[in-house]
K.L.:
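Could you have a look at this structure, given as structure tokens, before my questions?
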Number of protein chains: 2
Amino acid sequence: PCACVGFLRVLQFLSTMKDMHYGRYSEDFGEYTKEEAARLRESGQRRSVSQTLKPLENNKGRCAKCRFCTVRCLKFLISRVGEDWIFLILLGLLMALVSWVMDFGINSCLHALMWIYNSLDSYVFLQYLAWVIYPVVLICFSAGFVQILAPPAAGSGIPEMKAILRGVVMKEYLSLKTFVAKIIGLTTALGSGMPLGKEGPFVHLGGLCAAVLMRFMSLFGEIYENESRYIEMLAAACAVGVGSCFAAPIGGVLFSIEITSQFFSVRTYWRGIFAATIGAFIFRVLAVWNTDAETITALLRTSFRLDFPFGLQELPAFGALGIACGFGGALFVYLNGVIVRFIKKQKANNGFLMKKHLLYPALVTLLISTLTFPPGFGQFMAGKLNMMETMEALLDNRTWAKHDIAEEFEHMGHSEAWIHPQVNVFVTLGLFTFMKFWMSALATTMPVPYGSFMPVFVIGAGFGRLVGEGMATWFPDGIPTNGTSYPIVPGGYAAVGAAALSGAVSHSVSTAVIVFEMTGQITHILPIILAVILANIVAQSLSPSLYDSLIKIKKLPFLPELGWGHHEKYDIHVEDMMEREVQYIALNCSYRDLHNVLLTGHHNTVALVESAESMILLGSIELAQLQELLSLQLDRPRRLENIRERAVQDKKRLSVVSNDSSENSSHQASQEVSFQISTEDSSLSPTCPVPQKPLKPALKRPSVVERPTSKKHTHTPPHTREREFLNTRNVEDDMTIREITEWEEKQLDEQVNFNNCKIDPAPFQLVERTSLHKTHTIFSVLGLDHAYVTSIGRLVGVVSVKELHKAIEGSVKVEGAKARPALASFRDKGKSSSKNEATDVHKLRDRLKSMQLPREHTPSE
Amino acid sequence: PCACVGFLRVLQFLSTMKDMHYGRYSEDFGEYTKEEAARLRESGQRRSVSQTLKPLENNKGRCAKCRFCTVRCLKFLISRVGEDWIFLILLGLLMALVSWVMDFGINSCLHALMWIYNSLDSYVFLQYLAWVIYPVVLICFSAGFVQILAPPAAGSGIPEMKAILRGVVMKEYLSLKTFVAKIIGLTTALGSGMPLGKEGPFVHLGGLCAAVLMRFMSLFGEIYENESRYIEMLAAACAVGVGSCFAAPIGGVLFSIEITSQFFSVRTYWRGIFAATIGAFIFRVLAVWNTDAETITALLRTSFRLDFPFGLQELPAFGALGIACGFGGALFVYLNGVIVRFIKKQKANNGFLMKKHLLYPALVTLLISTLTFPPGFGQFMAGKLNMMETMEALLDNRTWAKHDIAEEFEHMGHSEAWIHPQVNVFVTLGLFTFMKFWMSALATTMPVPYGSFMPVFVIGAGFGRLVGEGMATWFPDGIPTNGTSYPIVPGGYAAVGAAALSGAVSHSVSTAVIVFEMTGQITHILPIILAVILANIVAQSLSPSLYDSLIKIKKLPFLPELGWGHHEKYDIHVEDMMEREVQYIALNCSYRDLHNVLLTGHHNTVALVESAESMILLGSIELAQLQELLSLQLDRPRRLENIRERAVQDKKRLSVVSNDSSENSSHQASQEVSFQISTEDSSLSPTCPVPQKPLKPALKRPSVVERPTSKKHTHTPPHTREREFLNTRNVEDDMTIREITEWEEKQLDEQVNFNNCKIDPAPFQLVERTSLHKTHTIFSVLGLDHAYVTSIGRLVGVVSVKELHKAIEGSVKVEGAKARPALASFRDKGKSSSKNEATDVHKLRDRLKSMQLPREHTPSE
């Protein structure tokens with residue numbers, strides 16, 4: 001308790017000092033008094049807490065005191081530190097635990113296989129069976145488990161996270177079920193020893209973990225109410241995922257930013273660094289506690305020379321390695337895309353392979369594990385080693401090509417696997433690179449949770465090592481510089497190759513930082529960055545990134561990035577690409593117009609204009625809202641009410657008054673009707689064909705059974721259903737189909753009443769002269785789906801992601817507009833040609849005059 | 001030539017492959033044919049180039065062939081690679097050269113001082129004079145030079161760059177003059193040996209270099225026409241500055257992003273990395289060529305232990321060091337702010353110190369150099385060493401506290417300066433830290449170009465070393481872990497302290513990355529990040545960053561960042577903070593209204609609404625435009641024309657026709673008048689009091705001399721001036737003051753004609769329910785100054801940076817609005833309470849009806 005109190009004092013002093021300091025900057029003294037008041041209020045609360053806790057204290061003595069102090073400290077911490085940071089700490093802790101437990105599980109699986117394999121030492125056939133069946137079983141379990149529990153858990157999840165961070169709602173990708181399925185599926189899949197990684201799924205797992213944690217924390221308070229804050233937290237969570245997977249906080253943050261966002265805030269970056277550091281820290285501390293490591297060091301610690309890491313003359317070799325990796329990366333993406341497309345076609349045609357869910361992964365696993373069987377072909381490609389062992393071996397400080405002359409390498413460790421008595425080390429490395437290349441491309445199409453980063457990383461390291469060993473053989477004594485010469489370090493080439501190839505596949509340059517953090521050495525910084533940049537330039541000009549390729553194949557909403565350079569291609573404006581045929585509804589439109597719009601609408605909102613003549617944009621309405629309006633107008637209850645009213649009038653004429661109470665209640669209900677559509681539902685089914693339903697009265701039987709299906713898409717509030725029930729009980733639907741049609745036709749001609757309709761009063765607006773560059777920025781920052789184009793209040797067009805997509809891919813013709821002033825103002829909205837606008841203003845004025853003449857408001861001219 | 005042709009072939013193959021690959025993704029075949037056409041066109045151009053170059057080839061043979069090939073390659077490169085990348089490469093090269101040349105100059109200055117000092121070995125007084133006068137002369141030269149050539153070059157420039165990147169136009173900060181003044185001023189200032197750094201000015205120099213280079217490159221083509229692209233390039237240039245200053249590309253990029261932006265795009269990040277890598281690479285290659293270094297290594301290479309860099313038990317010490325550095329950083333910012341404010345007050349009061357420009361820097365330099373005089377007080381604080389030598393010594397791998405027992409340290413190098421025969425090493429380090437702390441805070445207020453990063457970095461390293469030596473003395477054999485124990489490395493503590501203190505002062509976490517890159521070792525990654533995060537948490541909760549503090553003192557436009565956590569404070573919406581008294585002009589307003597708006601306007605634009613009743617927002621007009629409209633209406637030429645017309649009519653009545661030709665020409669001119677205001681001018685003087693001028697006819701003498709002063713703020717196109725001249729020559733201004741007043745009053749009552757006025761047709765709009773969080777995001781991403789708040793097309797308020805500022809600093813009262821649904825949709829615009837909007841729609845409809853009734857457009861109801 002003493003320490004706690006002391007800590008409290010320090011924090012209070014801290015806050016006082018803050019006030020003092022801020023006092024110098026603040027303009028009015030009011031703030032200070034307000035804070036003072038808040039502090040007094042807080043201390044009052046604290047006193048009340050202590051009062052309520054007093055009896056407890058008396059009862060249980062010292063232990064209760066401790067607990068009380070803990071509660072007080074926690075409350076104080078939350079109020080001072082802020083829930084965000086507690087959330088991030090929890091997230092880092094949780095992800096580190098998940099990562100560590102998963103690593104433990106994966107290693108157990110791998111060790112079990114090696115144990116079985118080694119204990120069957122003398123029976124090669126049994127060894128082969130074990131080597132093959134074990135992974136097949138694990139992969140099939142993983143595929144089946146994921147398929148049954150949560151199919152969204154399959155795959156890497158990065159494309160989906162990218163879409164989610166762009167604002168697309170995909171609830172099923174962030175559910176608890178998916179979380180569990182992903183963890184178990186990933187552990188078993190990686191435990192099989194297939195060339196799969198854990199990085200991609202960890203980006204997804206980070207997001208999942210954050211979503212689950214947020215739902216958990218929202219039980220205690222309503223903090224995570226803001227969607228943009230939610231997105232920020234998800235972005236930070238992706239960083240935590242990568243950070244705690246590789247124990248690389250900075251690289252993780254940068255990598256996750258590069259692959260998931262186009263724009264990000266420094267705030268997110270800080271949050272990511274904070275949480276990822278905690279994740280990486282705990283992850284490595286767990287390893288120390290488990291005595292896997294002596295202290296906190298890098299995951300794949302290398303010990304390259306510090307004083308002369310590489311010669312300047314080696315740089316061309318590093319550059320060439322980078323360019324080759326760029327081509328290799330593009331090829332990998334292409335190969336992977338071809339296989340995924342093939343599988344998709346097979347699935348669509350219900351081909352042989354897809355008839356049974358598990359047949360395809362089983363066959364792939366069988367093929368790969370047969371080829372890596374150590375006594376068989378695997379002896380030429382170090383098939384015995386798992387991924388981490390392979391990486392450790394490839395980053396080895398020694399030169400394998402010199403092995404024949406140096407017998408002092410007694411304990412080669414994992415490197416032994418590479419040195420075959422009959423075959424050259426170049427052949428082993430070449431075979432390894434080639435075989436792993438197509439194996440990885442093939443394995444990362446299985447319906448299990450997988451990552452492609454690590455396999456690609458290993459292939460790159462293998463290729464780099466190959467080049468490095470080649471260099472070491474070519475210059476056995478190193479390249480002389482200023483008289484002295486240092487031998488070449490092939491391990492450095494392996495690091496460069498790994499960074500370059502993974503950078504080329506994922507289109508990111510921060511793989512360089514991941515390599516530094518994984519190896520714990522930054523000596524090769526310049527060659528690594530150089531190679532990564534070259535690889536990126538080549539790969540980006542040849543193909544999309546692996547994730548973008550998957551996004552395209554999966555047809556997720558996607559906004560391409562503006563390419564490198566070549567911006568003369570992008571010198572177009574909104575007016576060149578906008579769609580001029582905008583769907584709109586006027587304030588004074590009829591329900592029939594609504595119906596027409598609903599039938600043809602292809603965005604999920606419709607523009608609301610003042611009138612078809614003025615076209616002044618007032619706002620936008622979601623299609624679901626219109627649908628609701630229309631169904632409310634043509635509703636069965638309303639029709640029944642109509643009948644009932646007629647009946648009541650008939651009855652009144654007959655002077656018979658019956659069931660008074662029920663009428664009252666139903667009347668009341670119809671007055672207070674106010675539909676509340678939950679946005680989640682409506683955004684999931686924006687253009688569902690429900691509005692057609694009320695127009696087909698022939699299909700509408702007066703049964704209660706059919707109602708739920710027609711109401712499937714629109715959420716029915718309970719009191720409506722109740723009213724419906726009352727009505728059905730009391731009034732009989734005795735209208736004929738013909739009468740219903742007539743009634744509906746009449747209803748459709750009525751003017752729409754927008755009173756209870758939710759209107760977005762400021763949909764995003766652009767002007768005709770907004771440049772593509774700026775439009776792209778705004779769309780990617782705000783995660784827009786479409787924006788209206790206005791000209792002095794008048795709606796003239798609409799731009800959606802589709803149009804932007806077309807414009808970026810260059811299919812929109814550029815028309816003139818080249819002679820704009822250099823370094824024009826950032827807000828080039830005001831720069832539109834005065835001629836156009838002058839006429840526009842003219843028109844508006846004319847309109848205004850014609851409107852105001854009757855009211856005699858025209859000023860003297 | 002052969003190599004060139006081969007290279008061309010490879011690139012062509014590359015582009016073919018790209019087409020092939022993209023063909024798989026593109027939807028229509030049209031693209032391919034278009035690209036094919038483009039290629040044909042290009043090859044046609046190339047052919048024409050070769051045809052024009054043929055004669056040359058015949059004349060000069062082989063040499064001309066080479067040149068031709070180079071030209072061809074360059075053209076091809078530009079068309080393929082894009083000008084952006086060539087620009088970035090040039091930028092990197094230039095900055096590396098600047099950095100290297102400057103380092104050379106600084107080192108020469110420092111060596112010259114040491115040479116003088118050493119050669120006067122036996123005359124202490126002469127030594128003192130040299131030690132003191134030399135820096136005073138250099139600093140005075142620097143201050144004077146900068147003062148004369150370009151005053152904006154003084155200071156660090158980071159606050160200004162931050163403002164420029166937020167969209168504020170400050171041309172004088174990006175001029176060639178400033179570039180030259182900054183380079184020369186900085187070289188001399190740093191050459192004086194004062195505790196000043198080169199990092200801050202290098203951020204500014206990067207921006208300057210980019211601006212100058214852009215102006216140079218725009219001579220060849222009109223590429224840099226887009227302001228947002230310009231801003232992106234500037235952001236990348238800042239990264240290059242830091243990168244080529246410390247040879248730390250990644251850290252430089254991250255640091256420059258953190259200190260200058262709140263939002264940034266991955267595109268900018270890539271550009272920054274690319275250019276900064278080139279800068280850092282060339283910078284280090286130059287060092288190798290100059291044989292300063294053997295190969296490319298880190299600037300401050302360390303050689304800490306790789307296998308066991310630190311024990312887990314040391315982490316609390318690192319954490320405590322981080323927290324202490326946080327307090328220290330806040331104190332430094334506070335101290336610096338106090339001194340700057342004092343100087344500012346002195347300047348305002350024209351106090352003694354400020355009477356002569358050079359007195360203050362001379363006095364400060366005198367004080368500091370006296371205290372560091374090595375035979376004097378300087379012997380207790382290693383005064384002999386310059387900044388880089390100090391850093392090298394502080395990162396030393398050995399433990400100084402053990403010096404008394406280990407005599408094997410023969411060649412201590414720079415570390416010798418720290419070990420005083422009489423005084424303990426703790427005293428030296430403590431004195432160094434304390435003295436340098438206030439010296440740096442004082443030195444970074446002189447009117448010379450300076451950076452505060454390096455001094456703070458060195459102070460942090462000193463403090464860290466102090467803690468490290470303390471730990472090494474406390475645990476002389478290291479802290480035992482699992483039986484074995486490794487000695488403590490005080491150099492590691494120095495690295496941690498440097499990163500933590502500089503992080504605390506600049507409020508950035510990427511100083512950690514800078515430390516890794518500068519030292520070439522990443523072994524201490526976890527303690528460094530941990531300490532930096534802790535230091536940031538403490539410093540950010542106590543004070544603004546050094547740059548933000550300077551921004552506040554300099555009163556630059558500035559948007560504070562949303563704080564850490566505590567977002568319950570930010571749960572307010574636009575409606576809580578907006579200003580409801582919006583200045584607007586209606587379409588049918590008179591010039592008098594315009595005049596009133598101009599007199600009271602405090603934003604630089606005014607809202608244009610349809611009419612005062614409807615308040616439908618049509619756009620916004622710049623005040624300068626209104627001013628122009630008004631002055632055009634009350635213009636002297638127009639008045640003279642009026643007189644002339646009257647005169648002509650008089651003459652006509654008298655049937656005398658004279659000077660026909662001049663009338664025609666002037667008439668023509670008046671018809672084609674169309675004012676083009678350059679935005680730069682208008683943005684610099686948004687609310688200048690010119691509009692009052694035309695209303696004071698008494699001041700308006702009919703002389704040509706006065707005209708230029710009244711036209712100072714508004715750019716006069718030549719033909720207007722010509723017309724004016726014609727008029728003055730032909731018609732005599734014979735109106736009395738009274739007549740002029742009358743005429744002006746009459747003119748003011750006319751309705752405004754907006755035809756030739758530039759209207760921004762889509763000013764940025766928010767709605768009442770937009771959250772503070774989102775508003776902040778939009779303002780910082782788009783660099784807005786203010787945004788209008790609309791409700792279904794109606795203007796209801798305005799939010800400017802000022803209001804946002806107030807809201808973030810917590811002086812706006814939060815009203816209700818706590819019970820919003822968790823995880824609401826990102827676009828919470830549509831979420832406003834339906835009640836409000838229903839009434840709004842209602843009003844609009846009523847208005848519409850009243851307008852449309854006379855036109856009989858009302859539909860059946």
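Note on naming: letters A, B, ... go to the chains in the order of the sequence lines (proteins, then strands), and numbering restarts at 1 for each one.
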K.L.:
What's the separation between atom CG in A/L530 and atom CG in A/L315, rounded to the nearest 0.5 Å?
P.N.:
6.5 Å
K.L.:
Under 4.5 Å, counting heavy-atom pairs only, tell me which of B/T523, B/V285, B/I250 racks up the most with chain A.
P.N.:
B/I250
K.L.:
Roughly how far, to the nearest 0.5 Å, is the CG atom of B/L312 from the CZ atom of A/F281?
P.N.:
6.5 Å
K.L.:
What part of A/I273 is in contact with chain B, defined as an atom under 4.5 angstrom from a non-hydrogen atom: side chain, backbone, both or neither?
P.N.:
both
K.L.:
Need one label for B/I257: side chain, backbone, both or neither, based on atoms under 4.5 Å from any heavy atom in chain A.
P.N.:
both
K.L.:
Could you look at A/S510 and say if it's the side chain, the backbone, both or neither that has a heavy atom under 4.5 Å from chain B?
P.N.:
both
K.L.:
Measuring heavy-atom distances to chain B, does A/L526 have an atom under 4.5 Å in its side chain, in its backbone, in both, or in neither?
P.N.:
side chain
K.L.:
Check step by step if side chain to side chain contact (heavy atoms under 4.5 Å, CB included) holds for A/I522 and B/T519.
P.N.:
CA-CA 9 Å; A/I522 203 168; B/T519 61; over 6 Å; no
K.L.:
Determine whether B/R284 and B/V288 satisfy the following criterion, side chain to side chain contact (heavy atoms under 4.5 Å, CB included), listing intermediate values before the conclusion.
P.N.:
CA-CA 6 Å; B/R284 293 309 290 163; B/V288 174; 5.6 Å; no
K.L.:
With distance as the sole test, does A/E258 use its side chain to make a donor-acceptor pair with the main-chain N or O of B/V266 at under 3.5 Å?
P.N.:
no
